[in-house]
Amino acid sequence: MKKIHITDIPLDYHYYRSHTKAFLKYLTQKESPWATPISENGNFGYVRHFFWWLFSVARFEKSDIFPTREVLLKYGMKRGLVFWSWFHDQKPIGRFWIPFWYLFSKSFHHSTRSAFSVLESGEYWKKWQPNARNHRNKIQKYILDWKIYIDTNASWEDFREIYKQTKIPHGYKRYLLWRQEFFQKNAPEDFRIFLAYIDGVPQAGAIFLDDHPTSTYLIAFQNPDAKKYHLGLAICDRWFLDSQKWGYRYMDFDHMKDVLDPVSYAGYTRFKSEIADYDVQFWRFWVKIFL
């Protein structure tokens with residue numbers, strides 16, 4: 001996996017939390033009535049209003065919207081604070097922007113480090129690390145013997161029940177279920193739900209968010225008994241295969257373990273690192289007083 005700077009991110013590759021229609025619906029309906037979504041050129045942020053709209057806070061996370069005065073006024077902001085982190089650009093235009101570095105950005109960004117792959121025609125797995133390629137060969141044999149079966153059209157109800165019973169080593173489980181419940185009611189066509197079975201018993205699963213040309217690895221789980229069969233990799237291999245057929249170009253792995261993240265993140269970061277092409281960090285955001 002190669003480290004790249006944010007200015008080297010392909011221009012048509014986007015960040016799902018500031019771009020996809022599913023998240024815009026979520027932002028529109030789940031934020032407080034005092035919040036206004038900001039949507040410009042396929043990207044979005046939001047502005048929260050306080051004290052009867054006398055003071056506002058605008059936030060743009062990894063967004064290609066540059067918060068000009070015209071944009072802020074358009075969405076009802078009169079005065080307040082603007083928080084902005086770029087996705088493809090390097091620094092903000094204009095004066096009075098204050099940069100905040102890693103320790104502050106940890107609380108601002110959904111992830112300060114992420115990874116993605118560029119999906120090209122042909123045998124995509126040849127770019128994977130040798131360890132992942134060897135595991136894939138074993139997985140293919142298990143699939144041919146019907147030891148492993150992957151349901152690529154699983155129901156949200158089945159996924160939710162199995163996911164709830166699985167021990168997850170982080171505290172986001174309840175939030176992820178709550179958020180995904182919203183998505184399944186409002187934008188089910190944007191998601192793929194996979195369940196992987198060993199001898200007919202569901203042992204792992206994942207949900208992917210699709211928004212051409214990017215598909216994002218959103219939620220995943222794996223029971224301890226499934227690890228020796230590498231079901232996580234089996235699911236990702238099928239994700240790559242189907243995405244290639246349907247014309248997706250970027251496979252977004254979302255969050256990766258960064259410097260101060262919990263040790264529990266190390267396992268899935270190591271796993272993603274074996275099949276991702278690029279590693280990119282977002283260690284800075286900018287703040288400006290808007291008057």
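Sequence positions, counted from 1, serve as the residue numbers for this chain. Side-chain atoms are counted along with the backbone in the values below, which use heavy atoms only and exclude waters and symmetry mates. Bear in mind the structure is a predicted one, so any value in this text is a computation, not a measurement.
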Interatomic distance, [X] atom [atom1] to [Y] atom [atom2] [nearest 0.5 angstrom]:
X	Y	atom1	atom2	value
Ile275	Trp125	CD1	CH2	13.5 Å
Ile143	Lys141	CD1	NZ	13.0 Å
Arg59	Trp84	CZ	CH2	14.5 Å
Gln244	Glu123	CD	CD	9.5 Å

For [X] and [Y], test the side chains for any donor-to-acceptor distance below 3.5 angstrom and give the result as yes or no.
X	Y	result
Lys62	Ser111	yes
Thr112	Asp258	yes
Ser215	Asp210	yes
Ser114	His255	no
Asp8	Tyr278	no
Gln165	Asn223	no
Tyr229	Gln222	no
Thr214	Asp211	no
Asp64	Tyr15	no

#### Entry: Working for side chain to side chain donor-acceptor pair (under 3.5 Å), residues Ser243 and Arg192
CA-CA 11 Å; Ser243 296; Arg192 279 182 274 170; 2.8 Å; yes
### Query
Applying the 4.5 Å side-chain criterion to the ILVMFWY set and letting contacts propagate, would Ile65 and Ile9 be lumped into a single cluster?
yes
### Query
In a check of ring-ring contact (aromatic ring centres under 6.0 Å, His included) between Phe183 and each of Trp178, Tyr26, Tyr16, which one passes?
Tyr26
### Message
Does the structure place the NZ or CZ of Lys288 under 6.0 Å from the centre of the six-membered ring of Phe96, at an angle of no more than 45° from the ring's axis?
### Response
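No cation-pi geometry.
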### Query
If you draw the axis of the six-membered ring of Trp128, does the NZ or CZ of Arg133 fall within 45° of it and under 6.0 Å from the ring centre?
no
### Message
Run the side-chain contact (heavy atoms from CB on, under 4.5 Å) test on Tyr46 and Arg48 for me, step by step, so that the C-alpha distance in whole Å, both residues' side-chain angles and the decisive distance to 0.1 Å come before the verdict.
### Response
CA-CA 7 Å; Tyr46 63 88; Arg48 283 197 180 103; 3.4 Å; yes
#### Entry: Whether Glu61 side chain and His110 backbone form a donor-acceptor pair below 3.5 Å
yes
